[in-house]
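Reading through the structure tokens given below for one structure.
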Amino acid sequence: MRGLMQDHPLLVSSLIRHAARHHAHARITSVDAEGRVTRTSWPGIEHDAKRLAQALLRRGVRPGVRIATLAWNTAPHLALYYGVSGMGAVLHTVNPRLFPEQIAYILKDAEDTHLFVDPSVLPVLDGVKDQLPPGLRAVVLMGEAAAVPELPVEVLSMDALLAAEDGDVEWPALDEAAASSLCYTSGTTGMPKGVLYSHRSTLLHAMMAVSPDVFGFSARDVAMPVVPMFHVNAWGIPYAAAITGTSLVLPGPRLDPASLHGLFEAEGVTFSAGVPTIWTMLLQWLRAAPARRFTNPPRLVVGGTALPMPVTEGFRREYGVPIVHAWGMTEISPIGSTNSRQAGNADWDEARMLDYSRKQGRPQFGVDFRVRDDAGQEIAHDGVAFGELEVRGPWTARAYFNRATDPAFTDDGWFRTGDVVTVDALGAIEIVDRAKDVIKSGGEWISSITLENLALAHPDVQLAAAIPVRHPKWDERPLLLVVRKPGTDPSAQSILAVLEGHVAKWWMPDRVEFVDSLPLTATGKLWKAELKRLYRDYTLPA
Ligand code: AMP
């Protein structure tokens, strides 16, 4: 027997239609590259999105066609989110911080027909202008540019495109399984891979994301996504905010602590989300002057890389700012788990909870977890045994764009995350490494992340990376690379002393090397593949 409920497709356009109709008083505040602030609203965004859809239709764009952006978190980018997906085309957000070869590769792989560019990103385009894909018909400027490089395609203005339309259209009824947006993984090894989200996956993910133990959005919230709109759809915040009618502050490219703090205060931001680096810098900046406080402490969601405990502690104890640690991936839309309190630890005191906050937390509804060891057996949930995390669910990818197969997808329908985790009795995961970064010493695994986090507890260590180097007896042994804090000169012994007693003897790095800097990927993570390449010929004596 079938249910007797109405059948409505889950479409991205339904989000903007709802927010525009029922949350006209929420504010959308946008900061451009020059620091200029403009204000609009959900109805304003829908009007722009509809005019954009009309303009693209007039230019021959049909459902399924890819439209690329090279842009920051701004209101015009938000209008593109809704206009492109709403009309049935596919919004392809490109990270302007990628290397030119990667950008060229991504544009070609996606076969984008139009490329919307923030004027401040034009220098990036200059670097790839000779490698633009043959099918690219136009570059569209999202604002006024002082100088435009000589380009082999038509250059248009987004303002002019919008000015020629009236926005008097209805959103089309699309298939909810149709593609809505495309985002490439950062590609720390090999070339980036495309993850193609659907309207349905995007909506279901957003409905989960607003829930209390994730973003906890209400119509009175003012949310500032610091995580870029070119990185997994800013963790879904632009969609989630429309469900609840939350106000948005889109901070543009200026993410220095003073600019961010200015926006927190001036715009009454109640919620923000971003990677640990951003919050570490903000914490250091706050501490530099006693007058720097939050009038109303916001809530933060932090993820992307492991969150150092001193950061959580500093925000919580000194500034009253609660942080929820989240884990996710481009392939999972991205939210998989969060570490907010639950029945099992509701009564833990603050010190115990702070220590626990280093973990990435429990899966959210819609994200099924399985953790298996090298032999394919599910591991014990004791917080000690570890294995690779696999996930499945309605917002997890089942394949990569343009790739027939990939070993990341198992035959029985799971996605292999490549993250090596423990699971504890409360069901929370803790990432101990990337599967490809674990150090395999005599057949046993050493977690590089554990060594790095311990080294970071040394007061003079700014950055640390543990990588495997060749060893005649044990195959691989850990080498610890350390960047010193400016003006300090710690000894290798003092750094090893911090690790001692916290890890097994055979986990201790064989050597500590001091370096001036460590290579980072375009999303700001340690670039382990490059480090391993650089230290390929480093051999330890037996
Ligand atoms: P991306 O697809 O670029 O978002 O990268 C996803 C990867 O980032 C994951 O597979 C993890 O290795 C890492 N990651 C994401 N969130 C966390 C977190 N909270 N702690 C540690 N690593 C994380």
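As the structure lists them, so they are numbered: ligands from 1, and atoms in each ligand from 1. Bear in mind the structure is a predicted one, so any value in this text is a computation, not a measurement.
Among protein heavy atoms, the minimum distance from atom 9 (C) of ligand 1 is reached at Asp419 OD2, 3.2 Å. Atom 14 (N) of ligand 1 has its closest protein heavy atom at Gly304 O, 3.1 Å. The closest protein non-hydrogen atom to atom 7 (C) of ligand 1 is Lys525 NZ, 3.6 Å. The single protein non-hydrogen atom nearest to atom 20 (N) of ligand 1 is Gln360 NE2, 2.9 Å, given as residue, atom name and distance. Closest to atom 21 (C) of ligand 1 among all protein heavy atoms lies Ala306 N, 3.1 Å. Protein heavy atom nearest atom 6 (C) of ligand 1, with residue, atom name and distance: Gly328 O, 3.5 Å.
For a threshold of 3.5 Å applied to N or O pairs, the pair formed by Ala326 and ligand 1 contains at least one separation below that value. For a threshold of 3.5 Å applied to N or O pairs, the pair formed by Thr417 and ligand 1 contains no separation below that value.
Ligand 1 places these atoms under 4.0 Å from at least one heavy atom of His325: 18 (C), 19 (N), 20 (N).
Partner Phe264 forms a ring-ring contact (aromatic ring centres under 6.0 Å, His included) with one of Phe271, Phe294, Trp285 and no other, that one being Phe294. Tested against Trp414, the residues Arg398, Arg372, Arg392 include a single side chain to side chain contact (heavy atoms under 4.5 Å, CB included) partner, Arg392.
Panel note: side chain His325, backbone Val302; no donor-acceptor pair is recorded below 3.5 Å. Remark: the backbone N or O of Gln342 is paired with a side-chain donor or acceptor of Asn345 at under 3.5 angstrom.
The closest heavy-atom contact to atom 2 (O) of ligand 1, among the options Val302, Ile429, Thr330, comes from Thr330. Which of Val195, Ile431, Val421 comes nearest to atom 22 (N) of ligand 1 through a heavy atom is settled by distance: it is Ile431. In this comparison of Arg434, Lys359, His231, the heavy atom closest to atom 4 (O) of ligand 1 sits on His231.
Aromatic ring centres of Tyr105 and Tyr184: separated by at least 6.0 Å. The aromatic ring centroids of His77 and Trp72 lie 6.0 Å or more from each other. Checked against a 6.0 Å centroid threshold, the rings of Trp527 and Phe99 count as neighbours.
For the pair Arg416 and Phe409, the NZ or CZ position fails the cation-pi test of under 6.0 Å to the six-membered ring centre and within 45 degrees of the ring normal.
Summarising the geometry of Pro225 relative to Pro251, their closest heavy-atom pair is O-CD, 3.4 Å, with the distance given to 0.1 Å.
In this structure, Thr185 falls outside the shell of residues with a heavy atom less than 4.0 angstrom from ligand 1. The closest approach between Pro334 and ligand 1 stays at or above 4.0 Å for every heavy atom of the residue.
At a 4.0 Å heavy-atom cut-off, ligand 1 touches Met329 through backbone and side chain alike.
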- Begin with the C-alpha distance, continue with both residues' side-chain angles, and end with the deciding distance and a verdict on side-chain contact (heavy atoms from CB on, under 4.5 Å) for Val321 and Leu300. CA-CA 7 Å; Val321 171; Leu300 302 180; 3.7 Å; yes

